[in-house]
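Here is the structure we will look at, set down as structure tokens.
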Amino acid sequence: MFHDLACIWQDTNAQAQRDRALMTIRLGIDCFAITHEVNESLADRNRCSIQPLNLESLQGTSGFHDAVRMQQGLPWKHSTLVNQRQLTRLTLSTEDSSAAAQAFTGTHAAASSYDLLAVQPTSERVLQQACTSLEVDIIAFDLAKRLPFRLKPGPLQSALKRGIFFEICYAPALREETARRNLFANALALARATRGKGIIISSGARSAFELRGPYDVINMATLFGLSEQDAKAALTTNCEALLAHAQSRKAYRGTVLLTSPTETQQQRQQPAQPANTASQQAGLGEQPSVPIAATLQNQNVRAHTAGEAAAASPNKQRKRKNR
């Protein structure tokens, strides 16, 4: 499955949303996330109001039939049905560590209303905080501009151990030459710091014309310093692992063991095993139980005997010398 986890939300242009959804179907993208961007701080008014597109309502249009026909011609597509997954995502761009902590370290109502959570740090302090403590799924950067900090391997490796992924968006490189030059330089630095691991590649597209096919994106990613295997994983397996991380975060990483009433009753009726069962299973045989007081008494007797022998040895040596 190919993913695009950063399609910018434009609530004032519904036609652009439909055109972009049709383009994702045409390109063979199986899952995409509609991103709501928030600057500086998160408030209750920023709750998710994104309505997923009803693909069935688009089936009567000519663009939908053309998109499905193009999708069926792709070599990696074998299904005639369009089963596309739509997600919602929040991206907070901030340089204030307290605002980031308020949004992503507690049960913020606005943040919990989205499927995916991403932070875009604009200061080194927020980057350090995001790598070590913030409960997010994605750390994004505005790679089309010069970053105000260096991408050091230490904090980034800490984020990878926590299951957080780093994102590269390619759409800004299609808009301006300076942005394209900055994107390639920053992406190379990110690939070196992470050794090509834990990276996802998204479009960041604002319109359908900024979307590209999965294999075109993979070829582009090799120019970022990624191997072909890591570039393909940035669109497939890494995104699937990211979605699993988001589900575990929303479930507070809790697990519940469910057993049937019959199994519980059988466990209660099962007699308790004797204490020496483990030693018998290990082939040691049945170990006799010795009272603790008798054991301590034997140890004292041995110690007393050894002390008397040590005290008597110098006397024996003196007698031998006198003889």
Side-chain angles (χ1 to χ4, degrees), residues 3-18 20-21 31-55 57 84-145 148-149 155 159 162-167 169 171-172 200 202-207 239 242-254:
H3 302 71
D4 186 354
L5 301 182
C7 294
I8 308 303
W9 180 49
Q10 297 176 349
D11 56 344
T12 59
N13 195 344
Q15 184 61 38
Q17 301 289 343
R18 289 193 291 268
R20 190 170 54 193
C31 175
F32 70 94
I34 304 175
T35 303
H36 182 202
E37 294 181 332
V38 179
N39 294 322
E40 295 306 327
S41 62
L42 188 65
D44 290 337
R45 67 176 181 273
N46 299 126
R47 290 194 181 193
C48 181
S49 59
I50 301 173
Q51 297 296 330
L53 294 173
N54 186 7
L55 299 179
S57 63
Q84 195 176 53
R85 186 179 180 185
Q86 302 179 48
L87 303 172
T88 58
R89 167 180 161 178
L90 171 69
T91 301
L92 176 64
S93 176
T94 182
E95 62 178 2
D96 187 2
S97 59
S98 60
Q102 182 182 5
F104 295 126
T105 56
T107 57
H108 201 289
S112 59
S113 62
Y114 293 86
D115 297 322
L116 304 177
L117 296 180
V119 61
Q120 182 174 309
T122 55
S123 65
E124 188 172 2
R125 184 175 181 181
V126 177
L127 174 61
Q128 183 75 22
Q129 184 185 24
C131 294
T132 55
S133 62
L134 293 184
E135 292 294 331
V136 296
D137 308 308
I138 304 170
I139 297 178
F141 303 102
D142 190 359
L143 300 180
K145 300 179 181 178
F149 45 78
R162 296 179 58 222
I164 300 177
F165 290 81
F166 297 94
E167 183 181 54
C169 291
I200 65 170
S202 306
S203 65
R206 301 182 183 276
S207 64
C239 297
L242 188 152
L243 297 181
H245 178 271
Q247 291 179 356
S248 65
R249 174 184 51 77
K250 292 177 72 71
Y252 299 101
R253 293 176 182 163

Go through Leu116 and Val136 one step at a time and tell me if the side chain to side chain contact (heavy atoms under 4.5 Å, CB included) criterion holds. CA-CA 8 Å; Leu116 304 177; Val136 296; over 6 Å; no
Exam field: side chain [X] to backbone [Y], donor-acceptor pair closer than 3.5 Å:
X	Y	value
Arg162	Leu134	yes
Thr88	Tyr114	no
Arg89	Leu5	yes

Between [X] and [Y], is any pair of side-chain heavy atoms under 4.5 Å apart?
X	Y	answer
Leu92	Glu37	no
Leu143	Pro172	no
Val119	Phe104	yes
Phe149	Thr122	no
Ser203	Cys7	yes
Ser202	Phe32	no

Euclidean distance, [Y] [atom2] relative to [X] [atom1], rounded to 0.5 Å:
X	Y	atom1	atom2	value
Cys169	Ile200	SG	CD1	7.5 Å
Leu243	Phe165	CG	CZ	9.5 Å
Glu167	Asp137	CD	CG	11.0 Å
Ser123	Gln129	OG	CD	8.5 Å
Arg20	Ser207	CZ	OG	8.0 Å
Arg85	Asp115	CZ	CG	7.5 Å

Looking only at side-chain N and O atoms, does [Y] offer a donor or acceptor that is under 3.5 Å from a partner on [X]?
X	Y	value
Gln128	Arg125	no
Asp96	Ser98	yes
Thr91	Gln120	no

Over all heavy atoms of both residues, which pair between [X] and [Y] is shortest? Give the atoms and the distance, please.
X	Y	value
Ala99	Glu40	CB-O, 3.5 Å
Ile8	Arg206	CG2-NH1, 3.4 Å
Gln84	Ala21	OE1-O, 4.3 Å
Ala111	Leu117	O-CD2, 3.3 Å
Pro121	Ala140	CD-O, 3.3 Å

Can you list the steps and then say if Cys31 with Leu87 is a side chain to side chain contact (heavy atoms under 4.5 Å, CB included)? CA-CA 8 Å; Cys31 175; Leu87 303 172; 3.8 Å; yes
Ser49 vs Trp9, side chain to side chain contact (heavy atoms under 4.5 Å, CB included): CA-CA, chis, key distance, verdict: CA-CA 10 Å; Ser49 59; Trp9 180 49; 3.3 Å; yes
Would Leu42 and Gln102 count as a side chain to side chain contact (heavy atoms under 4.5 Å, CB included) if you check the C-alpha gap in whole Å, the side-chain angles of each, and the deciding distance to 0.1 Å? CA-CA 8 Å; Leu42 188 65; Gln102 182 182 5; over 6 Å; no
